[in-house]
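Written out below as structure tokens is the structure these notes cover.
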Amino acid sequence: MEHSILETINLTKKFGNQKAVDCVNVQLNRGDIYGFIGKNGAGKTTFLKMISGLSTPTSGTIELFGCRGKEVNQQYSRVGVLIENPGIFPELSAYENLKLKCICAGIRKKGYINEILDIVGLSHTGKKKTRKFSVGMKQRLGIAMALIGEPELLILDEPINGLDPEGIAEIRDTIVRLNHEKKQTIIISSHILEELSKIANRYGIIDQGKMVKELTKEELVSECSDKLELKLSHPEKAVPVLKDMGFCDFKLIDSETIHIFEQLDRSGKIVMELSRQAIEIKSIVVVGLGIEEYFLQLTGGVHHA
Ligand code: ATP
């Protein structure tokens, strides 16, 4: 079984002179929940459409389940997609909508539709027409439609956009369950990093078509948690001193900075000890960013919700 599910190499899409997606490299490994984050207009939908086979790249390469070029098309039966309008018939129930999709996909397994309704938490909706569904219910039905055919990769474009906190929590829950129980690899976009901060294991942050940062969940937590920031002329000299003081969880960031992630209340002791060793300290402060502040710092601006 392939470990790499999807790889894009310098994937680019131009509309006229505008590069909506500019040389984006993403690698998805089996089992990942990849949070694809960017403000409105950053290029998320354009990127997701290209990897779904719904739009042709201007340049760059897509490798899907180890296949490139024309062979990629044969792999799309292993991919479930929810992008923009999921194509729900308003006069039909959730069951009937899914049944139609199953007929188109040639799936006749008994109990299959109920199983999918159950996964997305819509088994109670009975004969209710989908035009009477809430936004959250429609989003969950959209995910259910994407699940038909047991895809190994799910591509979900802003499935939590416009939902209330309860709806967001339900979708998050569904996604985590699909990932754990069905072992599905998922790429999910959002314009709010915080909304995905509890579920994704990897993040790509895109701004004006370009990937500005890729990081793991652990790196995100570390970037956003409080830490002691120590500025020194020669930080390497401070390393053995910190070790002698019993610090283990710290990192040399650049030629003048050390971040310390533990015992934040010992800054006074650190200053005394470094001074005693004649190591000059430029500054020592506790720094910390909220997840959204961090996102705005990377993308350099305010949200346009
Ligand atoms: P949103 O959250 O608003 O959907 P997004 O991150 O998904 O934003 P895209 O929809 O991919 O962003 O759009 C990226 C840029 O490409 C935008 O400037 C948009 O106006 C432009 N764009 C998207 N589709 C087209 C198109 N078919 N023709 C021309 N420009 C387009």
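Just so you know, these numbers come straight off a predicted model, no measurement behind them. Order of appearance sets the numbers: ligands from 1, and atoms from 1 within every ligand.
Checked by atom type, the side-chain pair Tyr294/Glu194 shows no donor-acceptor distance below 3.5 Å. Side-chain atoms of Thr58 and Lys13 form no donor-acceptor pair, as typed in the model, at a separation below 3.5 Å. A side-chain donor from one of Asp157 and Ser189 sits under 3.5 Å from a side-chain acceptor of the other. With hydrogens and angles left out, the side-chain atoms of Asp22 and Thr12 include no donor and acceptor closer than 3.5 Å.
In terms of protein heavy-atom proximity, atom 4 (O) of ligand 1 is nearest to Thr45 OG1, 3.5 Å. The protein heavy-atom contact nearest to atom 18 (O) of ligand 1 is Gln18 NE2, 2.9 Å. Distance from atom 2 (O) of ligand 1 to its nearest protein heavy atom, with residue and atom name: Asn40 ND2, 3.0 Å. Protein heavy atom at the shortest distance from atom 9 (P) of ligand 1 is Thr46 OG1, 3.6 Å. Of all protein heavy atoms, the one lying nearest to atom 12 (O) of ligand 1 is Gly43 N, 3.2 Å. Scanning the protein for heavy atoms near atom 31 (C) of ligand 1, the closest one is Phe15 CD1, 3.3 Å.
Among Glu152, His3, Gln184, the single residue meeting the side-chain hydrogen bond (donor to acceptor under 3.5 Å, both in side chains) criterion with Arg30 is Glu152.
The side-chain heavy atoms of Glu262 and Cys248, taken from C-beta on, include a pair separated by under 4.5 Å.
Of all the atoms in ligand 1, the ones that sit under 4.0 Å from a non-hydrogen atom of Ala42 are 5 (P), 6 (O), 12 (O). In the vicinity of Lys44, heavy-atom distances shorter than 4.0 Å reach the ligand 1 atoms 2 (O), 5 (P), 6 (O), 7 (O), 8 (O), 11 (O), 12 (O).
Contacts with ligand 1 closer than 4.0 Å are made by no heavy atom of His191, backbone or side chain.
Aromatic rings from Phe36 and Phe47 are positioned such that their centres are separated by under 6.0 Å.
Formation of a donor-acceptor pair under 3.5 Å by the Tyr95 side chain with backbone atoms of Thr125 is not found in this model.
Heavy-atom proximity to atom 16 (O) of ligand 1, evaluated over Ser55, Gly209, Ala20, Ser189, is greatest for Ala20.
At least one protein heavy atom sits closer than 4.0 Å to atom 7 (O) of ligand 1. Protein non-hydrogen atoms do reach within 4.0 Å of atom 21 (C) of ligand 1.
Other residues, nucleotides and ligands contribute more than 12 heavy atoms inside 6.0 Å of the CD atom of Glu91.
Taking a 4.0 Å cut-off on heavy atoms, Gly41 registers as neighbouring ligand 1. Within the 4.0 Å heavy-atom shell around ligand 1 one finds Glu158. Residue contacts with ligand 1 include Lys39, since one of its heavy atoms falls under 4.0 Å from the ligand.
Ionic pairing of Glu84 and Lys49 is present here: one or more N-O contacts between side-chain nitrogen and carboxylate oxygen are shorter than 4.0 angstrom.
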